[in-house]
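In what follows, chains are A, B, ... by sequence order, proteins preceding strands, each numbered from 1.
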Number of protein chains: 2
Amino acid sequence: MTKILVADDDPNILKFITINLTEAGFEVIGATDGRDALRKLENEVCQLAVVDIMMPYMDGLSLIKEMRKTLDIPIIILTAKGQIDDKEKGFEAGTDDYLVKPFEAKELLFRIEALLRRYNIDTDKQVIQVGDVHIDIDRYVVTVNKKTLKLPLKEFELLQALATHPDQVFTREHLIDSIWGIDFEGDNRTVDVHIKRLRTRFNNLTDAIKFTTVRGVGYTLETVDT
Amino acid sequence: MTKILVADDDPNILKFITINLTEAGFEVIGATDGRDALRKLENEVCQLAVVDIMMPYMDGLSLIKEMRKTLDIPIIILTAKGQIDDKEKGFEAGTDDYLVKPFEAKELLFRIEALLRRYNIDTDKQVIQVGDVHIDIDRYVVTVNKKTLKLPLKEFELLQALATHPDQVFTREHLIDSIWGIDFEGDNRTVDVHIKRLRTRFNNLTDAIKFTTVRGVGYTLETVDT
DNA sequence: TTTATTGTGAATAATTTGGTAAAATTGTGG
DNA sequence: CCACAATTTTACCAAATTATTCACAATAAA
């Protein structure tokens, strides 16, 4: 299990990150300021750190300076737009990556995966396996019977959403909210169309999964017992 | 018993949610505004909160901000479409899920189950078992003797309603109200027809349950002792 | 530009649903 | 035990609902 230290004084952001990283399969060590972070680091061996630059007691830059004395793990700096001025830029170069707030969960995950790869830390690769279908979240690639299948984004996201909890019914509303977002004004039929496209793709490739309609409710990724 | 705090100033919505969550087996703590909610939370340990964003005295966002200081439970925000503007979006990210009004009771239940799963709060088993009949609420599937049975929605709901309290008599009115809703204009015979359909389906599959008529009153799902 | 992706609307298909009425059952009083 | 009324069961049909599919336009990517 890959452990990630997350230091941010804003409980909402901390929570936001925690939830997303946890969902992605990481273990999160949370800290609300620099001192807290250092204390936690004494007891926990983390493989990566995500650090907000603005924090009370001990700010992010000082924290990083301290960490660098003893630790050699990749660090991602969180920063508000325009917060990094030239003087700090030299420092920023020392860190491994930075992310400007507000950022997307997806973006953070992507950076983390990239850094872990670069550092050859073997992240428990996030692969959802359902039957002989492997869904590689990192690479946006699906493998069926060792054959790779490249799906368009929306179809991939839909598959991923369903595959996270196989055999469980998701309503169209749920799927739309989680894939297209809350402000999507469009029609529910959109989901149907993408389901149809997924069905067509998987049609002759595998019998292990089935996109099942639950009339009046929604859709399920059904696993077929062999 | 999973307790859920529901904060909404509209008594109709509060009632609507309360009824549905209660029927789904949750215990509901209702509050009509933010302050009320906080007061209730001092005395009750809730596992999840459903919060309307527009409330008097203390609006939903402030309430959530307060809750976050001391509590770590998943929160579902109720919001009208377009009500979340950019400034609030950062906050929204901090919460766990949101639902756009108007929403379906079923949809709310789905979200709640999903969040409870994500937080590993063991939600009361989502499988109702009566004899050798397993009713899987998440999957909308019924299993009899390891054989799966897919029921049409209304039949499933009827079975579910009866199976929640086996050996208890439900009047047709009660069943109609809880399945079809109080606005249903139709005939009581509708229940009979669906009972008949259920009987036909389970006819050769199991002897463990029986749909019994209580003349002049209603129906029971009778369990047969072996 | 060419190609691929994505969402929409509309036609079509499939299934579910509710009502109806006749048949069957049940309970009651004679 | 029988007739009768009340109630329930059942089969069937038509309407309503819901899902599938396709073609196309808009947009984004190559």
Gap between atoms CZ and C1', on Arg172(A) and dT17(D) respectively (whole Å): 12 Å
Could you check whether any side-chain heavy atom of Cys46(B) comes within less than 4.5 Å of a side-chain heavy atom of Ile29(B), counting everything from C-beta outward? yes
Please determine whether the number of non-hydrogen atoms from other residues, nucleotides or ligands lying under 6.0 Å from atom CG of Asp167(B) exceeds 12. yes
May I ask you to decide whether Arg199(A) forms a salt bridge with Glu155(A), counting only side-chain N to carboxylate O separations under 4.0 Å? no
Classify the angle between the aromatic ring planes of Tyr140(B) and Phe110(B) as parallel (below 30°), tilted (30 to 60°) or perpendicular (above 60°). parallel
Enclosure of Lys3(B) NZ (heavy-atom neighbours >12, cutoff 6.0 Å): yes
For Arg201(A) and Thr190(A), find the nucleotide of DNA chain C closest to each by heavy atoms; which residue's nucleotide sits nearer the 5' end? Arg201(A)
Between Trp180(B) and dG18(C), does any side-chain N or O lie under 4.0 Å from OP1 or OP2? yes
In whole angstroms, how far is the C1' atom of dT5(C) from the NZ atom of Lys150(A)? 11 Å
CG of Asp207(A): more than 12 outside heavy atoms within 6.0 angstrom? no
Measure all distances between protein nitrogen or oxygen atoms and nitrogen or oxygen atoms of nucleotides 21-30 of chain D, and list the pairs falling under 3.5 Å.
residue : atom : partner   : partner atom : Å
dC22(D) : OP2  : Lys196(A) : NZ           : 3.2

Ring geometry between Phe184(B) and Trp180(B) (parallel below 30°, tilted from 30 to 60°, perpendicular above 60°): tilted
Decide salt bridge (charged side-chain N to carboxylate O under 4.0 Å, His left out) for Glu173(A) and Arg111(B); before the verdict, give the C-alpha distance in whole Å, the side-chain angles of both, and the deciding distance to 0.1 Å. CA-CA 10 Å; Glu173(A) 288 75 19; Arg111(B) 305 295 180 97; over 6 Å; no
For Ile195(B), report the nucleic acid contact type (base, sugar-phosphate, nothing); a contact means any heavy atom under 4.0 Å. nothing
Rounded distance (Å) that lies between atom C1' of dG18(C) and atom CG of Leu158(B): 14 Å
Taking DNA chain D as the partner, which of residues 213-222 of chain B come within under 4.0 angstrom of it by heavy atom? Thr213(B), Arg215(B), Gly216(B), Tyr219(B)
Below 4.5 Å, heavy atoms only, C-beta onward: do Ile112(B) and Phe26(B) meet side chain to side chain? yes
Can you measure Lys154(A) atom NZ to dT8(C) atom C1' for me and round it to whole angstrom units? 16 Å
Rounded to whole Å, how long is the line connecting atom CG of Leu175(B) with atom P of dT8(D)? 13 Å
